[in-house]
Colleague: 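The structure follows.
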Amino acid sequence: MKIGFLAATDVGPNWLAAKESRSGILLASDPNLPTIVTNAKQQVDILVMSFHWGNEYSPANAHQEKLAHTVIDAGAYIVVGHHPHVMERVETYTGKLIFYSLGNFIFDQYFSPHTMHGMVAHVSIDPETKALTTTQAVSELSKQYVPQLPIPYDPSMLVSKTFIP
């Protein structure tokens, strides 16, 4: 099975955007994003899309959901988000997986219990049916910011409201 990875950012820096004559980053606002995803999917069996997106210390928002659904409709099989520094919800959309934010795996943000955790997502793909199964666990950071052995995933650990550190 051939697995491909594609990444885009929705929080800049926009001046690093790729151009025809210059390498750079893919912006989530690129009007060609669905076509780029479709073209990438044609080269692989499973396409994983990574997004640098969302609002720090906040739950997933409607814009993230729209982007995730757009790229899945265009061919992505799994969407993985990062940037908010907190774990956000997990969604199944048309049988595909969306991890809106895995939170912090290693980071020195001690000011909140939400920033001292990161989701560890294990995804299995059946090579015949392409069915996805997933299990989640949570890594907790020590006082020295070292990930500890995963603890059982508990949805109550997801950030449910915006907070300001």
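Here the structure is a predicted model, which means the values were calculated and not measured.
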Colleague: May I ask you to decide if D126's main-chain N or O and E128's side chain share a donor-acceptor pair within less than 3.5 Å?
Modeller: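 Side chain of E128 to backbone of D126: no pair is present.
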Colleague: With side chains defined as the heavy atoms from C-beta onward, is the minimum distance between L97 and V79 less than 4.5 Å?
Modeller: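 A side-chain contact under 4.5 Å is absent here.
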Colleague: Does the T129 side chain pair with the main chain of A131, one donor and one acceptor, at a distance under 3.5 Å?
Modeller: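 It does hold such a pair.
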Colleague: Indicate yes or no for a side-chain donor-acceptor contact from S139 to the backbone of Q148 under 3.5 Å, with no hydrogens or angles considered.
Modeller: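 Answer holds: no.
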Colleague: How about Y145 and F105: are their ring centroids closer than 6.0 Å?
Modeller: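 No, ring centres 6.0 Å or more apart.
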Colleague: State which residue, out of R89, E88, H83, fulfils the side-chain hydrogen bond (donor to acceptor under 3.5 Å, both in side chains) condition with Q64.
Modeller: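 So, applying the side-chain hydrogen bond (donor to acceptor under 3.5 Å, both in side chains) to Q64 and each of R89, E88, H83, only E88 qualifies.
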Colleague: With sequence neighbours left out, what residues match H114 under side chain to side chain contact (heavy atoms under 4.5 Å, CB included)?
Modeller: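 Listed in chain order: V86, S112, V159, F163.
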Colleague: So, the side chain of W53 versus the backbone of Y100: is there a donor-acceptor pair under 3.5 Å, distance only?
Modeller: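 Answer holds: yes.
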Colleague: Answer with yes or no whether the hydrophobic clustering places V37 together with I46; edges join I, L, V, M, F, W, Y residues whose side-chain heavy atoms lie under 4.5 Å apart.
Modeller: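 Cluster IDs for V37 and I46 differ.
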Colleague: Ignoring hydrogens and geometry beyond distance, is a side-chain donor-acceptor pair present between Q136 and T134 at under 3.5 Å?
Modeller: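 Checked: Q136/T134 side chains pair up, N/O donor to acceptor below 3.5 Å.
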Colleague: Could you give the distance from NE2 (H117) to CE (M157), rounded to the nearest 0.5 Å?
Modeller: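 Interatomic distance, H117 NE2 to M157 CE, rounded to 0.5 Å: 3.5 Å.
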Colleague: Are the side chains of I3 and V48 in contact, using a 4.5 Å heavy-atom criterion?
Modeller: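 Yes, close enough: below the 4.5 Å cut-off.
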Colleague: Counting C-beta onward and ignoring hydrogens, is there a side-chain heavy-atom pair between L27 and T9 closer than 4.5 Å?
Modeller: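 Side-chain contact under 4.5 Å: yes.
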Colleague: What are the two closest heavy atoms between S58 and P84, and how far apart are they?
Modeller: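 Scanning both residues, the minimum pair turns out to be O-CB, 4.3 Å.
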Colleague: What do the steps show when you test F51 against F99 for ring pair (Phe, Tyr, Trp, His ring centres under 6.0 Å), and what is the final call?
Modeller: CA-CA 10 Å; F51 276 110; F99 298 94; over 10 Å; no
Colleague: When you look at Y153 and L158, which way does the side-chain contact (heavy atoms from CB on, under 4.5 Å) test go after all the steps?
Modeller: CA-CA 10 Å; Y153 169 72; L158 300 177; 3.6 Å; yes
Colleague: Could you work out, with side chain to side chain donor-acceptor pair (under 3.5 Å) as the rule, every residue matching S156, not counting sequence neighbours?
Modeller: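 With sequence neighbours excluded, S156 shows a side chain to side chain donor-acceptor pair (under 3.5 Å) to D154, given in chain and number order.
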Colleague: Decide yes or no for H82 and L102: does some side-chain heavy atom of the first lie under 4.5 Å from some side-chain heavy atom of the second?
Modeller: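 A side-chain contact is absent here, since even the closest heavy-atom pair is not under 4.5 Å.
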Colleague: Is it the case that the side chain of T92 and the backbone of G95 share a donor-acceptor pair, with hydrogens and angles ignored and the cut-off at 3.5 Å?
Modeller: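 A pair under 3.5 Å: no.
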Colleague: Grab the two heavy atoms, one from G54 and one from V11, that are nearest each other, plus how far apart they are.
Modeller: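 Closest heavy-atom pair between G54 and V11: O-CG1, 3.9 Å.
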Colleague: Are M49 and V80 linked, directly or through other ILVMFWY residues, by side chains that come within less than 4.5 angstrom of each other?
Modeller: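 In one cluster with M49: V80, no.
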Colleague: If we only count heavy atoms from C-beta on, is the M116 to Q109 side-chain gap below 4.5 Å?
Modeller: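 Of all side-chain heavy-atom pairs linking Q109 with M116, none is under 4.5 Å.
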Colleague: With the 4.5 Å side-chain cut-off for hydrophobic clustering, are V138 and V146 part of the same group?
Modeller: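 Hydrophobic grouping puts V138 apart from V146.
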Colleague: Pair up each side-chain donor or acceptor in residues 67-78 with any protein partner under 3.5 Å, not counting sequence neighbours, and list the distances.
Modeller:
{"residue": "H69", "atom": "NE2", "partner": "E91", "partner atom": "OE1", "Å": "3.3"}
{"residue": "H69", "atom": "NE2", "partner": "E91", "partner atom": "OE2", "Å": "3.0"}
{"residue": "T70", "atom": "OG1", "partner": "K66", "partner atom": "O", "Å": "2.8"}
{"residue": "D73", "atom": "OD1", "partner": "Y93", "partner atom": "OH", "Å": "3.0"}
{"residue": "D73", "atom": "OD2", "partner": "Y93", "partner atom": "OH", "Å": "3.2"}
{"residue": "Y77", "atom": "OH", "partner": "K130", "partner atom": "O", "Å": "3.0"}

Colleague: Shortest non-hydrogen contact from F107 to L141?
Modeller: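 Heavy atoms only, the tightest pair is O-CD1, 3.3 Å.
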Colleague: For the pair R22 (side chain) and L16 (backbone), establish whether a donor and an acceptor sit closer than 3.5 Å, ignoring hydrogens and angles.
Modeller: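 Judged by distance alone, no pair lies under 3.5 Å.
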Colleague: Are T133 and V123 packed together at the side-chain level, in the sense that at least one heavy-atom pair is separated by less than 4.5 angstrom?
Modeller: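 No - every pair of side-chain heavy atoms lies 4.5 Å or more apart.
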Colleague: Are M1 and I125 close enough, and set up right, to give a side-chain contact (heavy atoms from CB on, under 4.5 Å), and what steps lead you there?
Modeller: CA-CA 9 Å; M1 183 175 356; I125 305 165; 3.8 Å; yes
Colleague: To the nearest 0.5 Å, how far apart are CG in D30 and CD1 in I36?
Modeller: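 D30 atom CG to I36 atom CD1 measures 4.5 Å (nearest 0.5 Å).
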Colleague: Side chains of D10 and H52: does their closest heavy-atom pair fall under 4.5 Å?
Modeller: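 Counting from C-beta outward, D10 and H52 never come under 4.5 Å.
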Colleague: After noting the C-alpha distance and the side-chain angles of V90 and I98, does the key distance pass the side-chain contact (heavy atoms from CB on, under 4.5 Å) rule?
Modeller: CA-CA 6 Å; V90 178; I98 304 167; over 6 Å; no
Colleague: Taking the side chain as everything from C-beta on, heavy atoms only, tell me whether I25 gets closer than 4.5 Å to W15.
Modeller: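 Not touching, per the 4.5 Å side-chain cut-off.
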Colleague: For T115, does its backbone N or O pair with a side-chain atom of N104 as donor and acceptor, under 3.5 Å?
Modeller: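 Such a contact is found between N104 side chain and T115 backbone.
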